[in-house]
Engineer: 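Starting off with a structure, shown below.
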Amino acid sequence: IDEEPPGALLDALRTAHASGARIMSICSGVFILAASGLLHGKAATTHWRYTDALQSRYPMIDVRPDVLYVDNGTVLIPLAVQLVWISGCT
């Protein structure tokens, strides 16, 4: 969470999202989505250990520490791997 993701990865995420792909991250992977700008003005969650860091680093995101997942339509952020099957595959 302390390093900037590679530009090529961020560009690939933006391109996929613009093409209509549903994007999902798990736990601290939300920092990559945040760095890509895909969460600007949207709600997101992560492991409780990282919520303050996420909000501090990306104040334009509505960080929700008290939920298990956030579904913004085309961007899905489950808190844990166990929720991927429930939320991402339904």
Side-chain angles (χ1 to χ4, degrees):
I1 67 170
D2 295 326
E3 296 180 24
E4 190 68 22
L9 172 60
L10 300 178
D11 289 342
L13 284 169
R14 290 182 203 113
T15 299
H17 185 260
S19 296
R22 186 169 167 121
I23 307 294
M24 180 169 33
S25 73
I26 300 169
C27 196
S28 60
V30 72
F31 283 86
I32 296 172
L33 293 184
S36 75
L38 294 178
L39 298 178
H40 184 83
K42 298 187 185 320
T45 193
T46 188
H47 188 278
W48 62 266
R49 181 180 300 171
Y50 303 122
T51 55
D52 288 342
L54 183 63
Q55 187 67 80
S56 175
R57 192 164 174 190
Y58 299 100
M60 72 293 282
I61 296 173
D62 175 17
V63 178
R64 299 190 178 171
D66 56 344
V67 298
L68 295 177
Y69 71 94
V70 174
D71 187 345
N72 288 307
T74 59
V75 180
L76 176 67
I77 302 110
L79 179 61
V81 174
Q82 294 87 346
L83 295 173
V84 171
W85 181 258
I86 296 168
S87 56
C89 298
T90 56

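The figures here come from the full heavy-atom set of this structure, side chains too, leaving out hydrogens, waters and symmetry mates. In this text the structure is predicted, and so the values were computed from the model without any measurement. By convention here, the first residue in the shown sequence is residue 1.
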Engineer: Applying the side-chain contact (heavy atoms from CB on, under 4.5 Å) criterion to V63, which one of T45, V70, V30, T51 satisfies it?
Structural biologist: T51
Engineer: Mind checking the CD-CG spacing from E4 to L9? Nearest 0.5 Å is all I need.
Structural biologist: 10.5 Å
Engineer: So does E3 have more than 12 non-hydrogen atoms from other groups sitting under 6.0 Å from CD?
Structural biologist: no
Engineer: In the structure I gave you, are the side-chain heavy atoms of I1 and Y50 within less than 4.5 Å of one another anywhere?
Structural biologist: yes
Engineer: Between D62 and R64, is there a side-chain N and carboxylate O pair less than 4.0 Å apart?
Structural biologist: yes
Engineer: Is R22 close to D71 at the side-chain level, that is, under 4.5 Å between some pair of heavy atoms?
Structural biologist: yes
Engineer: Nearest 0.5 Å please: distance from the CG atom of D2 over to the CZ atom of R57.
Structural biologist: 7.0 Å
Engineer: Hey, is the main chain of D52 close enough, under 3.5 Å, to the side chain of S56 for a donor-acceptor pair?
Structural biologist: no
Engineer: Can you tell me how far the CG atom of D66 sits from the CH2 atom of W48, to the nearest 0.5 Å?
Structural biologist: 15.0 Å
Engineer: Would you mind telling me which of L13, I61, I32 makes a side-chain contact (heavy atoms from CB on, under 4.5 Å) with L38?
Structural biologist: L13
Engineer: A44 and L39: which non-hydrogen atoms are nearest, and at how many Å?
Structural biologist: CB-CD1, 4.0 Å
Engineer: Quick check against the 3.5 Å criterion: does T15 have a side-chain atom that pairs as donor or acceptor with the backbone of A12?
Structural biologist: no
